[in-house]
Number of protein chains: 2
Amino acid sequence: MSRQADASGSFDIDADYKPLRDRVRDELRQRIIDDVYPAGTRLVETEIAAQLGVSRLPVREAIRALESEGFVKTIPRRGAVVVELSAQDIEELFDVRETLEVLASRQAATRATKAELRRVRGILARGRKALDTGDRVALGKANEAFHDEILKLSHNSLLQTVLEPLQGRLHWLLRQTGDPYDLFEEHSAWFEAIASGSADLAAEHARRHARLNREIVRTLLAERQQQAPPA
Amino acid sequence: MSRQADASGSFDIDADYKPLRDRVRDELRQRIIDDVYPAGTRLVETEIAAQLGVSRLPVREAIRALESEGFVKTIPRRGAVVVELSAQDIEELFDVRETLEVLASRQAATRATKAELRRVRGILARGRKALDTGDRVALGKANEAFHDEILKLSHNSLLQTVLEPLQGRLHWLLRQTGDPYDLFEEHSAWFEAIASGSADLAAEHARRHARLNREIVRTLLAERQQQAPPA
DNA sequence: TCTTAGGATCCTGTATACCGTATCCCTGAT
DNA sequence: ATCAGGGATACGGTATACAGGATCCTAAGA
């Protein structure tokens with residue numbers, strides 16, 4: 001028992017196997033998003049290796065992965081540093097995100113199955129509950145999960161692989177700046193547009209949501225910059 | 001002596017330095033695109049390392065990079081295999097490409113400088129010459145260069161990093177299927193739209209071009225499938 | 001002859017150790 | 001206070017080793 005859903009041939013005995021490098025990468029990514037490693041932090045291979053109790057190799061590979069995800073930048077022979085997102089980087093992030101989420105939303109509207117829509121409704125319900133109890137962190141997570149789900153609904157795996165790393169950076173950013181309460185209400189409306197099955201309507205909502213999001217980040221960043229003028 | 005350009009402090013004595021892993025990656029990518037390693041080929045680390053006269057490490061890192069670019073898929077504990085692009089993969093590729101190139105084109109229209117436009121005109125001229133002399137390979141390269149240039153014109157570095165790996169796969173595909181002659185004429189018209197400075201016009205041309213491209217690949221792939229029915 | 005069990009083999013994933021060298025940082029002299 | 005010199009540090013790469021999963025080959029059995 002305990003194992004379920006294993007219809008045909010290839011089994012997932014140890015489907016939960018994950019190379020060490022991937023686990024290290026996940027751990028480091030989380031630390032960056034959680035601001036344990038703020039922008040500018042140097043990621044020293046030997047330090048991390050020692051701390052995680054692994055050899056340098058998986059750490060190196062993890063760092064390379066984070067580099068291709070845009071979380072760190074490695075300077076030749078100097079190593080990896082957690083990037084600081086410039087104003088322009090953020091604009092670009094939203095540019096690309098907007099276009100891709102519009103596409104995702106459009107495809108989701110025509111391709112999502114009933115079962116999938118139900119699942120997303122569940123996530124929204126979770127968010128609603130977090131909103132009512134004022135659990136800011138849980139609401140943030142629900143919001144992030146929502147975005148990931150929209151992507152899945154698109155049934156476009158390339159879209160997912162391209163957008164996922166960006167989502168990571170976006171979540172990172174929003175966690176520093178955004179207000180999860182505003183976002184949540186938007187998500188509900190957006191979702192209904194997708195569930196309606198109209199690609200155009202879904203696209204319109206996606207675009208609106210992305211722009212709202214961008215505005216929120218912009219204002220919060222502008223405020224912050226006034227408080228802390230350039231060094 | 002013999003050294004030049006060393007005015008101030010840190011100069012680019014060895015600005016052309018490139019980590020070994022990157023050179024290995026470039027080499028392997030080229031081999032895939034050139035069909036030296038056709039779809040299904042296993043990339044065995046030790047073999048490649050021996051052949052290139054490097055250790056396994058840079059090879060591993062190169063393979064990881066190619067994985068994140070979508071050229072190979074690695075199965076845990078089994079290693080990397082050159083991917084076969086399924087019909088769906090190709091559709092997804094064009095989906096994403098279309099949206100992103102529309103964005104690139106739109107931004108290029110408003111941001112490109114005169115000097116940049118001149119440079120692109122030069123590339124088109126090169127293509128025209130290749131067309132006249134019937135140099136298919138040169139024309140293909142000019143076409144590929146053109147797409148890369150449009151990206152640069154957008155002045156959106158994220159867009160470039162996201163789209164570049166896809167371009168690689170696209171070029172790979174087009175080299176197998178496409179007809180460079182048809183594409184060239186399209187490029188000229190598209191470029192004029194960008195040079196006109198109208199974002200909407202540029203976007204429209206980008207979309208048209210992407211769709212034409214998609215159709216070309218679709219038909220050629222359909223033909224091929226008829227000739228070689230499923231194994 | 002076909003199937004199957006078992007073992008040999010290949011190759012990845014990870015660990016260790018080590019070297020050259022670029023960069024950084026500290027110290028000391030001017 | 002500035003600048004040069006000399007470690008110390010840590011990356012980039014090599015070489016080697018080894019456990020264990022995946023594959024393949026072979027030989028025994030039905």
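Just so we're clear, the structure is a prediction, and the values are computed from it rather than from any experiment. Only heavy atoms go into these numbers, but all of them, side chains included; no hydrogens, no water, no symmetry mates. Each chain gets a letter, A, B and so on, in the order the sequences are listed, and its residues count up from 1.
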Just the rounded figure in Å: distance from [atom2] of [N] to [atom1] of [X].
X     : N      : atom1 : atom2 : answer
B:Y17 : C:dG20 : OH    : P     : 16 Å
A:R77 : C:dT21 : CZ    : P     : 10 Å
B:R78 : C:dC11 : CZ    : C1'   : 10 Å
A:R21 : C:dG13 : CZ    : C1'   : 7 Å
B:I75 : C:dG13 : CD1   : C1'   : 15 Å
B:D22 : D:dC11 : CG    : C1'   : 14 Å
A:L20 : D:dG20 : CG    : P     : 15 Å

* To do: Check whether any side-chain N or O of B:R64 sits under 3.5 Å from a backbone N or O of A:E61 as a donor-acceptor pair, and report yes or no.
  => no
* **Backbone of B:S154 reached by a side-chain donor or acceptor of B:R111 within 3.5 Å** => yes
* Which residue pairs pass the side chain to side chain donor-acceptor pair (under 3.5 Å) test when at least one of the two sits in residues 115-125 of chain A, sequence neighbours left out? -> A:T113-A:E116, A:E116-A:H155, A:R119-A:E149, A:R121-A:E192
* **Summary of side chain to side chain donor-acceptor pair (under 3.5 Å) pairs that have at least one residue in residues 39-53 of chain A, sequence neighbours excluded** => A:E45-A:R56
* What parts of residues 42-55 of chain B reach DNA chain C, counting only heavy atoms under 4.0 Å away? -> B:R42, B:L43, B:V44, B:E45
* To do: Any chance you could lay out the salt bridge (charged side-chain N to carboxylate O under 4.0 Å, His left out) test for B:D35 and B:R175, step after step, and finish with the verdict?
  => CA-CA 10 Å; B:D35 220 42; B:R175 206 172 289 184; over 6 Å; no
* Asked: Which parts of residues 60-69 of chain A get close to DNA chain D, meaning a heavy atom less than 4.0 angstrom away?
  -> A:R60, A:R64
* Asked: Does anything in residues 35-65 of chain A pair up under ring-ring contact (aromatic ring centres under 6.0 Å, His included), and if so which pairs, sequence neighbours excluded?
  -> none
* Any ring-ring contact (aromatic ring centres under 6.0 Å, His included) involving residues 81-127 of chain B? Give me the pairs, sequence neighbours left out, ordered by first then second residue. => none
* To do: Indicate, with a heavy-atom threshold strictly under 4.0 Å, whether B:L57 touches base, sugar-phosphate, or nothing.
  => base
* Asked: How are the rings of B:F146 and B:H187 set relative to one another: parallel (under 30°), tilted (30 to 60°) or perpendicular (over 60°)?
  -> parallel
* Could you tell me whether the phosphate oxygens of C:dT16, OP1 or OP2, come under 4.0 Å of any side-chain nitrogen or oxygen in A:R56? => no
* To do: Decide yes or no for A:D95 and B:L159: does some side-chain heavy atom of the first lie under 4.5 Å from some side-chain heavy atom of the second?
  => no
